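In what follows, a structure is listed as structure tokens, so that the remarks can point back to it.
Below, read A as the first sequence line, B as the second, and so on, with proteins coming before strands; counting in each chain starts at 1. Because the structure is a prediction, the values reported are computed rather than measured.
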Amino acid sequence: MKAAFAGPLERVDSCCYRIPKSYRADMRVDGLIFANDALIESVKKDQAPDQVANVATLPGIQGASLAMPDIHWGYGFCIGGVCATDPAEGGVISPGGVGYDINCGVRLVKTNLFWDDVKHHVRSLVKGLFHTIPAGAGRGGRYKFDAVETRRLMAQGPRFVIDRDLGVPRDLTHTEADGLIPDGDPDQVSDHAVKRGAEQCGTLGSGNHFLEVQVVDSVFDADVAKAFGLELNQVCVMIHSGSRGLGYQVCDDALAAFRNCPAKYGITLPDRQLACAPAESPEGKKYIAAMRAAANYGFTNRQLLMQQAREVFAAEFGRKWEDLGMELLYDVAHNIAKLEEHVVDGKRKRVWVHRKGATRAFPAGHPELPDVYRAVGQPVIIPGDMGRASWVLVGAAGSMERTFGSTCHGAGRAMSRTAAKLQAAGRRIDKELESKGVIAMASSRMGLAEEQPAAYKNVDHVVDVVHEANLSRKVARMRPVGVIKG
DNA sequence: ATGTTC
């Protein structure tokens, strides 16, 4: 067990705590952790708050070093962290602030089916999904691309596969950034990374990645739910995956390339894992170009996962996926750094917003939102755990005022993987889930143990905080009925 | 998260 946080946590309001910059001489800004009085107790138990303070020392950081209520310890930066840096003030870019899984994210696919239509098909659907969609570490899939095609895929994003009839053009407008982060450069991605990615597009991966069949079990905002096309008892498919070995390798390559940057650019770091370079330095620019290309691979991976799920549903119900209403609600990235315009201390600035386990949550009216959602706000997709719930929220105005347009990304771990495995010894997690009405298939028993519901905080409590803080508002709660995992 | 310690 890691040591508990020993520094000050001042209560700002009912859903926010502050680590004042006076805590340490090297902090340039405050740390702010969004949590209520109950959640902050679990937050204090590990060193994630120390990581929030560490991030507050980075050159060019703006506003505050931020953390969402699903905060937990990660590589250098905590997971659930948000940090914005101004390149005009020597602001840095840091691979640890994005995460190893570049453009890990989640998409929600709607259907026109209801629970009564699906309840006798769940076991068959889960089997079909499990045998169609490759899952597990290192697994390749049915879509194989050579190096040239993989680089083209990174330059074009999901459009590359949609042009090959693996989806439809309207999938793009329902993906963050229209499924294409501009100015990605596949030539900045190493041959090694490309090779790892060439066979893995359209595969789920392992760890917390999943594909779930879910049912809308509560609607909290009827108007927004209607605008999103969601209603009570409707069946949806949620997909959580990232950029697989390709993104991992891009991160690893960048960490190696950044090793001497702190000395070269005169940056003092409290933790070597915060390796970073000025965003406008040659090293910074190279990572940004490669990270953007890897992000486009991540969107494409989820596009191919969705397409396979559409095929499985079509086969199960003997109807085309279009006739089953399998439309994409939205796809969001929760591990990424993006250049965005924000108002800081009354001044409009272009800043590098690092979201590591945090979701963009732009409110109604934001110019970057697609036409379909500009009047209502961005759909925010929040995966929970495989036994309890996941959520659809909508971006709210408070995010622009307090968190650089960001909200939480999930439930957040409450138990280490090791602790979860110990807890699961002698138990059958799949049987326990089945007794609660969830059919789960996983390629690894151990994986299922590490991901058991009790390993996570209750996502409802996390969502309560971001709702109350007005970072994003509750729209609908989904309960899982079928799960496939790596 | 990850060819889960190239």
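Whole-Å rounding puts the A/Met446 CE to B/dT2 C1' distance at 17 Å. Taking atom OH of residue A/Tyr75 and atom P of nucleotide B/dT5, one finds them 14 Å apart after rounding to whole Å. Summarising the geometry, the separation between NE2 on A/His209 and P on B/dT4 is reported as 16 Å, rounded to the nearest angstrom. For A/Ile102 and B/dT2, the CD1 to P distance is 12 Å, given to the nearest whole Å. In this structure, OH of A/Tyr248 is placed 8 Å from P of B/dC6, rounded to the nearest angstrom. Nucleotide B/dT5 holds its P atom 11 Å from the OH atom of A/Tyr100, rounded to whole Å. Rounded to whole Å, atom P of B/dT4 lies 18 Å from atom NZ of A/Lys485. In this structure, CG of A/Leu448 is placed 21 Å from P of B/dT4, rounded to the nearest angstrom.
With sequence neighbours excluded, no residue satisfies ring pair (Phe, Tyr, Trp, His ring centres under 6.0 Å) with A/Tyr17. Shown here are the ring pair (Phe, Tyr, Trp, His ring centres under 6.0 Å) partners of A/His461, two or more places apart in sequence or in another chain: there are none. In terms of the side-chain hydrogen bond (donor to acceptor under 3.5 Å, both in side chains) criterion, residue partners of A/Thr203 (sequence neighbours excluded) are, by chain and number, A/Arg244. Annotation: side-chain hydrogen bond (donor to acceptor under 3.5 Å, both in side chains) contacts of A/Arg151 (sequence neighbours excluded): A/Asp191.
For the segment residues 252-262 of chain A, the set of residues with a heavy atom within less than 4.0 Å of an atom of DNA chain B is empty.
The residue A/His192 sits close to a base: some heavy atom pair falls under 4.0 Å. Nucleic acid contact for A/Gly242: none, since no nucleic acid atom lies under 4.0 Å from a heavy atom of the residue. Within the nucleic acid shown, A/Gln200 comes within 4.0 Å of sugar-phosphate atoms alone, with no base atom in reach, counting heavy atoms only. As judged by a 4.0 angstrom heavy-atom cut-off over every strand, A/Ser206 is placed among the base-contacting residues. Among the heavy atoms of the strands lying under 4.0 Å from A/Gly207 are primed sugar atoms or P, OP1, OP2 only; no base atom is included.
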Show me the side-chain donor-acceptor pairs of residues 125-138 of chain A shorter than 3.5 Å, one per line, residues at least two apart or across chains.
unit_1   : atom_1 : unit_2   : atom_2 : d
A/His131 : ND1    : A/Lys127 : O      : 2.9
A/Thr132 : OG1    : A/Gly128 : O      : 2.6

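No hydrogens or angles considered: a donor-acceptor pair under 3.5 Å links the side chains of A/His334 and A/His240.
With A/Tyr456 as the aromatic partner, A/Arg413 meets the cation-pi criteria of under 6.0 angstrom to the ring centre and within 45 degrees of the ring axis.
Where A/Arg417 and A/Gly136 each meet DNA chain B at their nearest nucleotide, the meeting point lying more 5' is that of A/Arg417.
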